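What follows is one structure encoded as structure tokens, with my remarks underneath.
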Amino acid sequence: MAFLLLLFNMGTFMPNNIIENLGSFYSTFTSSRKVEEAVSKHLYVCCKLMNNQAFKVQENSMSGAWSDASKQLSAFELQQVQAAKTVLSEETDFPGSDVKAWCLSLLNENADRENQILLYAINMVSSVSKEQLQDALCKIFDNPSKDDLYGFSTPSCIFELATKLLKFEPSDAVFDICTGSAGFLSNLVTHSKNVNFAGIEIKEQFCLLAKVRADVLGVQVNIMNADVLRTYANKEYDKVFSDFPWELKIDVAQREQFIRDIDNKLEFLSPGTSVDCLFVDKAVKAMKEKGRAVVVVPGRFNFSCQNCGYRKHLISNGMVESVIAMPSGLYSYTKIPVYILVLSYGNQNVRFIDASSEFKKGRRVNTLSIENIENILKMHSEDSSLSISVSNEDVLKNETVNFTPSVYLPIEGLDVAFEMTEFKDYIQSVTTGSNITASQLDELVSKTPTNIRYLQTKDVISGVETGDMVYLKSMDKSWEKSLVKNGDLIISRNVASIRIAVAKINDGEQVVLSANLYAVTLKDGFSSYFFKAFFDSEIGQLVLSSHADGSVVKMLPKGNINELLVPKFSAAEQKDFAQKYLALKEEIAKLQAKIDALATSVCGLFSKN
């Protein structure tokens, strides 16, 4: 009621206040969860009726009609309700009988709160131009707060970049997968008023908002209210765009059925394939033979082992034109790494682009300036230190078919006098750890020594070997795959605070690796101490950082370990280097012991003998 008092006492509604007024109207619904789905329908009615003479009331009549929020609808307002019902009943091109029925039902209850605000909005909207209303709607739709019903929003700069990457032409048939409130349509209209646009959106309220936007923009569109994973578009569109809900969780059985729709015999997909791949595949299937698609994907799509089969499928069939690493902070509701896939048919090479530094800094949210977009487009067409074209054959040589651009781009600052090669040339196997929760560990820890120990990140000390580890009472069979071998190179997953060590295990001991660590077993003859020395070095740190994923916490995926660049030294050269390294470490330890002793002496200068 407090908001209504403010609403009704706003007085004369001038066109230059339309953005603020419509924003307040919108906020009323989004802050009142009782009518979450009604807001778009209200706005839709307003847009359809905004030029109808029945609601073009004079400013003084509006002011008088809404002067007292405590009263029920006046006779004048009741006349407006009846007029609204008449117009809606006679409307012949009103899309969607369900919406029409809902509106009529609402107007029959002419004294409720929603109806009062509807009438207010009809009066307000009918007095402004389409251009002003379009500006207002764009401000509301494209800049939601985190608590709004429509808080999931693609940044307008992503739409602009996508439009240019797609090379949009007015004659193109365009398909928007997971349309939302049609922000992409709004961007296309800035390039051409002639738009052949179709979209699909699972949420009814978003579909209605999209229709509102299309009405205001003055374009005819076909927006389906349906689940894209249950529909099929067989090479019907010239240009396809999708910013789908990333890492969506759905029922396992349902996911497996969707996967079998793509790969009936599961020849290249596994039952564990993420839903992200299903959305990407819908974009691939929707574009014509000479079409193009732009799809926004999260970082995990590029490197996770569960999606390896689908990435291999895309590359093997020449469907990937480019992969672009975008700046962090473009989306208001997440900081996870975001990438853009440009898809088309018949590609022999993939262009990998690092555009993570191309952004205009904002107070809370970053954006892409016109210059940033132009720079990205330039990188999309030519090689540079941040853009490289890699043959499909070379991408497929990567064990996990990683799509992360930093894996293929030259490492900035890596200036060495020796030849480099991939770490996989020296690796026999990589062991991942077991996830034991803190509560489980409390029950498992033994106060007396046993032959079972648990290696955690905190046990990886700055020296050349692992430090103290807790003893466990028993050994679970599932942990056997996470046992560390003597001499293994231990690498932490968190690259921001990387820890490297060499495992030193006593005879008869079993050491279980924690989930935050990797244990790398080298081929016979090669030295773990050599690689510890390298990864501890400044150059080694650059190599690790370049293969890490994540915008907040940089983590090293298992699949990237094989691709790490390391010095190409023979086994004999590594052994000689390791001996020198260990000798220096031993000397450092002796000097440190002397420093510690001197420090103790200083502290005891005033103590009694």
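None of the values given here were measured: they were computed from a predicted structure.
- Closest approach of Ser528 to Leu489, counting heavy atoms only: O-CD1, 3.6 Å.
- Of all heavy-atom pairs between Ala162 and Val294, the closest is CB-CG1, 3.8 Å.
- Ring centroid separation for the pair Phe241 and Phe175 does not come in under the 6.0 Å cut-off.
- Looking only at distances, a side-chain donor or acceptor of Arg311 sits under 3.5 Å from a matching main-chain atom of Phe301.
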- Derivation and outcome, side-chain contact (heavy atoms from CB on, under 4.5 Å), residues Arg493 and Tyr518: CA-CA 7 Å; Arg493 294 182 66 231; Tyr518 298 115; 3.3 Å; yes

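- Tyr331 and Trp246 have perpendicular rings, their planes meeting at more than 60° on a 0 to 90° scale where under 30° would count as parallel.
- Listed for the Asn435 side chain is no donor-acceptor partner under 3.5 Å among the backbone atoms of Ala515.
- The minimum heavy-atom distance between Asp176 and Phe184, with the atom names listed, is OD2-CB, 3.5 Å.
- For the residue pair Asn398 and Thr400, a side-chain donor N or O sits within less than 3.5 Å of a side-chain acceptor on the partner.
- Using modelled atom types, one finds a donor on one side chain and an acceptor on the other under 3.5 Å when comparing Ser439 with Thr437.
- In this structure a side-chain-to-backbone donor-acceptor pair under 3.5 Å is present from Ser369 to Asn372.
- Using a 4.5 Å cut-off on side-chain heavy atoms (C-beta onward), Ser545 and Leu542 make no contact.
- Asn317 contributes no side-chain N or O that, together with a main-chain N or O of Met319, makes up a donor-acceptor pair within less than 3.5 Å.
- Ring geometry for Phe577 versus Phe530: interplanar angle over 60°, hence perpendicular rather than tilted (30 to 60°).
- More than 12 heavy atoms of other residues, nucleotides or ligands sit less than 6.0 Å from atom NZ of Lys424.
- Residue Lys360 qualifies as open at atom NZ: its count of foreign heavy atoms under 6.0 Å is 12 or below.
- A heavy-atom distance below 4.5 Å is not found between the side chains of Lys575 and Phe526.
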- Message: Using the rule given for side-chain hydrogen bond (donor to acceptor under 3.5 Å, both in side chains), can you reason through Asp281 versus Tyr310, listing the C-alpha separation, both sets of side-chain angles and the distance that settles it, and then say yes or no?
- Response: CA-CA 9 Å; Asp281 199 69; Tyr310 186 68; 2.9 Å; yes

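- Taking the ring centroids of Phe531 and Tyr426, they lie under the 6.0 Å cut-off.
- When every heavy atom of Ala578 is checked against every heavy atom of Tyr529, the shortest pair comes out as CB-CB, 4.0 Å.
- Using a 4.5 Å heavy-atom cutoff, the side chains of Leu278 and Phe244 are not in contact.
- Of all heavy-atom pairs spanning Asn187 and Glu160, the tightest one is ND2-OE1, 2.9 Å.
- Between Leu455 and Leu517 the shortest side-chain heavy-atom distance falls below 4.5 Å.
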- Message: Could you go through Glu321 and Ser344, starting from their C-alpha distance and side-chain angles, then the distance that decides it, and tell me whether this counts as side-chain hydrogen bond (donor to acceptor under 3.5 Å, both in side chains)?
- Response: CA-CA 6 Å; Glu321 185 175 321; Ser344 57; 2.8 Å; yes

- Item | Worked verdict on Asn347 versus Val320 for side-chain contact (heavy atoms from CB on, under 4.5 Å) | CA-CA 7 Å; Asn347 296 290; Val320 183; 5.7 Å; no

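- Looking at heavy atoms from C-beta onward, Thr457 lies out of side-chain contact with Asn494 at the 4.5 angstrom threshold.
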- Please step through side-chain contact (heavy atoms from CB on, under 4.5 Å) for the pair Leu483 and Leu513, ending with a clear verdict. CA-CA 6 Å; Leu483 290 178; Leu513 191 70; over 6 Å; no

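- Remark: Lys288 is not positioned above the aromatic ring of Tyr345, lacking an NZ or CZ atom under 6.0 angstrom from the ring centre and at most 45 degrees off the axis.
- Between the side chain of Asn307 and the backbone N or O of Cys277, no donor-acceptor pair lies under 3.5 Å.
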- Might you work through the salt bridge (Lys or Arg N to Asp or Glu O under 4.0 Å) test for Glu374 and Lys164, ending with a clear yes or no? CA-CA 9 Å; Glu374 291 303 319; Lys164 293 190 174 182; 3.3 Å; yes

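- Looking only at distances, no side-chain donor or acceptor of Arg292 sits under 3.5 Å from a matching main-chain atom of Lys239.
- Summarising the local packing, NZ of Lys285 is surrounded by more than 12 heavy atoms from other residues, nucleotides or ligands at distances under 6.0 Å.
- Surrounding CD1 of Ile370 are at most 12 heavy atoms belonging to other residues, nucleotides or ligands under 6.0 Å away.
- No side-chain donor-acceptor contact under 3.5 Å links Asp488 to the backbone of Ile490.
- No donor-acceptor pair closer than 3.5 Å links the side chain of Glu443 to the backbone N or O of Gln440.
- Salt-bridge check for Arg351 with Asp383: passed, with a basic side-chain N closer than 4.0 Å to an acidic carboxylate O.
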- Task: Go through His380 and Ser322 one step at a time and tell me if the side-chain hydrogen bond (donor to acceptor under 3.5 Å, both in side chains) criterion holds.
- Result: CA-CA 8 Å; His380 200 263; Ser322 63; 2.7 Å; yes

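- Side chains of Leu314 and Phe403 form a contact here, defined as non-hydrogen atoms less than 4.5 Å apart.
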- Task: Report the C-alpha separation of Asp276 and Glu247 in whole Å, then their side-chain angles, then the decisive distance to 0.1 Å, and conclude whether the side-chain contact (heavy atoms from CB on, under 4.5 Å) test is met.
- Result: CA-CA 6 Å; Asp276 293 346; Glu247 300 181 9; 3.7 Å; yes

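- Across all non-hydrogen atoms, the minimal contact from Asn486 to Lys504 is OD1-CA, 3.4 Å.
- Proximity of Val342 to Ile340: side-chain heavy atoms (C-beta onward) are separated by under 4.5 Å at one or more points.
- Side chain of Ser387 to main chain of Ser384: no donor-acceptor pair is present (N/O by atom type, distance under 3.5 Å, no hydrogens or angles).
- Environment of CD in Glu382: crowded, with over 12 heavy atoms of neighbouring residues, nucleotides or ligands closer than 6.0 Å.
- A donor-acceptor pair under 3.5 Å links the side-chain atoms of Asp354 to the main chain of Ser356, judged by distance alone.
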